[in-house]
Every structure is written in structure tokens, then in C-alpha cells.
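Excluded from the calculations below are hydrogen atoms, water molecules and symmetry mates; all remaining heavy atoms, backbone and side chain alike, are included. We're numbering straight along the sequence, starting at 1.
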Amino acid sequence: MVGPEIDRLMQLLGRLPGLGPRSARRAALALIKKREGLLLPLAEALTAVAESVRTCTVCGNYDTQDPCAVCRDERRDKSLICVVQDVSDLWALERTSAFRGRYQVLGGLLSALEGVAPEDLAIGKLVARVREDAVTEVILALPATVDGQTTAHYIADALEAEGVTVSGLAQGVPVGGELDYLDDGTLLAALNARRPV
């Protein structure tokens with residue numbers, strides 16, 4: 001039905017998160033229809049990113065420089081480190097402009113089923129940063145899953161001897177959320193983390 005180049009484009013687009021075969025076909029068609037205004041600039045941007053993006057050796061973020069812009073920013077509070085599972089979590093927190101400390105990207109979560117051990121993650125790097133940078137608080141911004149909680153407990157234990165405060169993000173009812181639409185785990189977490197009004 002289509003040439004091998006177009007078929008390959010659709011297959012590669014279909015590998016992206018959130019895009020299935022049907023969405024990939026629509027995206028490929030949109031790119032082809034807008035070749036000058038969209039396809040060629042996208043190809044140039046992809047090439048530039050592939051050639052210039054690096055992983056920050058300090059925190060694990062992606063940037064075109066190492067250390068990344070977050071780690072180079074002298075206005076940030078070096079005594080606070082927020083621990084996240086992946087770069088996408090770091091970027092989500094940065095969108096809020098609410099956190100002015102530093103980050104540590106773990107690169108995953110501990111998982112016995114998937115064979116992910118502490119040495120596979122940046123936990124050792126986190127402990128070293130806490131010792132070297134006079135960190136006073138580590139905020140664990142990890143998912144409220146079994147693997148997320150296992151990882152959080154492991155990190156808390158690893159930092160116990162360092163004299164640093166270890167805290168976690170609040171969990172429960174989201175802003176604008178209606179109780180009827182929430183799952184049982186979220187409701188339970190909200191009840192257990194209740195606070196005075």
C-alpha cells in the first residue's frame with residue numbers, strides 16, 4: 001500500500017509512547033502532507049538532539065551540557081535533593097516551578113521481578129551527594145506502587161546514618177478530584193494522610 005520508507009516511518013512512530021498503529025499512520029500522513037513546514041524541521045531537530053544531548057553526570061537529567069542547567073543554576077538550594085524515578089518525573093516537577101532544589105534521577109525502581117537491584121540505580125550516587133554537598137533534606141518523589149515504596153524504604157534506610165531528613169510527597173485526593181472516581185488505594189492514602197483543616 002505504501003513504500004518501505006513510509007512504512008518504516010509509521011513503524012517507528014508506532015513505537016513512541018501513546019501512539020498505536022492507527023495514531024502512527026495519522027501522524028505519518030500529517031508529516032508527509034506538511035513536509036516543508038513540519039517533516040523537514042522535525043528531521044533536523046531529531047538529528048540535532050541525537051548529536052548533542054547528554055546525560056548529566058551529577059543528577060542524571062538530559063541536557064546539551066554536562067552538568068545540566070539545573071545543576072549549574074547557583075540560585076538553587078544545594079541542601080535539598082528531590083529523588084525521582086525518571087527524567088520525565090524531573091521535567092514534570094520543573095513545570096510547576098515550585099521546587100528550587102536539586103534532583104537525583106534513579107533510572108528506575110528496585111524490582112525483584114525485573115531483576116533491578118540497588119547497584120543498577122543511582123542510589124550510591126545519591127548517598128555520596130548527600131555526604132559531599134551538606135544536604136539537609138531528601139524528598140522522595142517516587143510512584144505510590146509496590147516497587148516505588150520498596151525503593152523509598154531502601155533509600156531511607158541507606159540515608160539513616162547520614163543525619164538527613166527524608167520526606168515523601170503527599171498522597172491522596174487530587175485537587176479537583178471527586179471521591180466517587182478515585183480508586184480504593186488513593187482513598188486509603190488520603191484518609192491515612194489526613195490533616196487538620
Side-chain angles (χ1 to χ4, degrees), residues 10-31 38 42 59-63 68-70 76-77 79-118 120-123 126 130 135-160 164-197:
M10 290 187 294
Q11 288 182 17
L12 290 171
L13 288 171
R15 291 184 190 172
L16 294 172
L19 289 182
R22 197 179 270 165
S23 297
R25 277 195 305 274
R26 284 196 299 268
L29 189 55
L31 289 168
L38 193 56
L42 177 63
C59 73
N61 189 17
Y62 296 135
D63 201 342
C68 71
V70 173
R76 289 185 172 266
D77 187 348
S79 70
L80 297 174
I81 294 181
C82 183
V83 178
V84 295
Q85 174 184 351
D86 197 19
V87 173
S88 62
D89 302 321
L90 186 157
W91 290 0
L93 287 167
E94 279 297 287
R95 275 196 320 265
T96 69
S97 298
F99 181 68
R100 298 304 301 158
R102 305 286 173 103
Y103 293 93
Q104 181 63 61
V105 178
L106 292 179
L109 297 172
L110 295 175
S111 175
L113 290 175
E114 295 179 20
V116 180
D120 299 322
L121 305 177
I123 296 171
L126 170 66
V130 166
V135 173
T136 58
E137 182 179 5
V138 173
I139 303 164
L140 302 176
L142 300 174
T145 61
V146 171
D147 290 344
Q149 296 307 304
T150 301
T151 306
H153 289 297
Y154 184 89
I155 291 171
D157 289 346
L159 294 174
E160 189 172 0
V164 64
T165 300
V166 180
S167 60
L169 295 182
Q171 300 172 358
V173 179
V175 174
E178 295 186 33
L179 297 183
D180 190 37
Y181 295 106
L182 299 177
D183 63 275
D184 295 346
T186 301
L187 285 172
L188 181 62
L191 281 171
N192 290 337
R194 64 190 180 275
R195 56 188 166 81
V197 177

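From Cys68, atom SG reaches atom CG of Asp63 across 6.0 Å, with rounding to the nearest 0.5 Å.
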task: Apply side chain to side chain contact (heavy atoms under 4.5 Å, CB included) to Thr150 and Leu109, showing your working.
output: CA-CA 8 Å; Thr150 301; Leu109 297 172; over 6 Å; no
- request: Take Leu93 and Asp89 through the side chain to side chain contact (heavy atoms under 4.5 Å, CB included) test and state the conclusion after the steps.
  value: CA-CA 6 Å; Leu93 287 167; Asp89 302 321; 5.6 Å; no
- prompt: Where do Val84 and Leu106 land on the side chain to side chain contact (heavy atoms under 4.5 Å, CB included) test, with the steps shown first?
  reply: CA-CA 6 Å; Val84 295; Leu106 292 179; over 6 Å; no
Could you list the donor-acceptor pairs under 3.5 angstrom formed between side-chain atoms of residues 21-29 and any protein atom two or more places apart in sequence or on another chain?
{"residue": "Ser23", "atom": "OG", "partner": "Arg26", "partner atom": "NH2", "Å": "3.4"}

Pairs under 3.5 angstrom only: tabulate donor-acceptor contacts from the side chains of residues 135-148 to other protein residues two or more places apart or in another chain.
{"residue": "Thr136", "atom": "OG1", "partner": "Ser79", "partner atom": "O", "Å": "3.3"}
{"residue": "Glu137", "atom": "OE2", "partner": "Ser167", "partner atom": "OG", "Å": "2.7"}
{"residue": "Thr145", "atom": "OG1", "partner": "Gly148", "partner atom": "N", "Å": "3.0"}

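Within the 4.5 Å cutoff, side-chain heavy atoms of Pro118 are placed close to those of Leu110. Using a 4.5 Å cut-off on side-chain heavy atoms (C-beta onward), Val83 and Thr151 make no contact.
Sorted by first and then second residue, the pairs that involve residues 100-110 and meet side chain to side chain donor-acceptor pair (under 3.5 Å), not counting sequence neighbours, are Asp73-Arg100, Glu94-Tyr103, Gln104-Arg129.
Looking at Asp157, its side chain never comes within 3.5 Å of a backbone N or O of Tyr154 through a donor-acceptor pair.
For Tyr62, the OH atom is loosely surrounded, since the number of other residues' heavy atoms within 6.0 Å does not exceed 12. Taking a 6.0 Å sphere around CG of Asp184, one finds it holds 12 or fewer heavy atoms contributed by other residues, nucleotides or ligands.
Of all the heavy atoms in Val105 and Leu90, the pair that sits closest is CG2-CD1, 3.8 Å.
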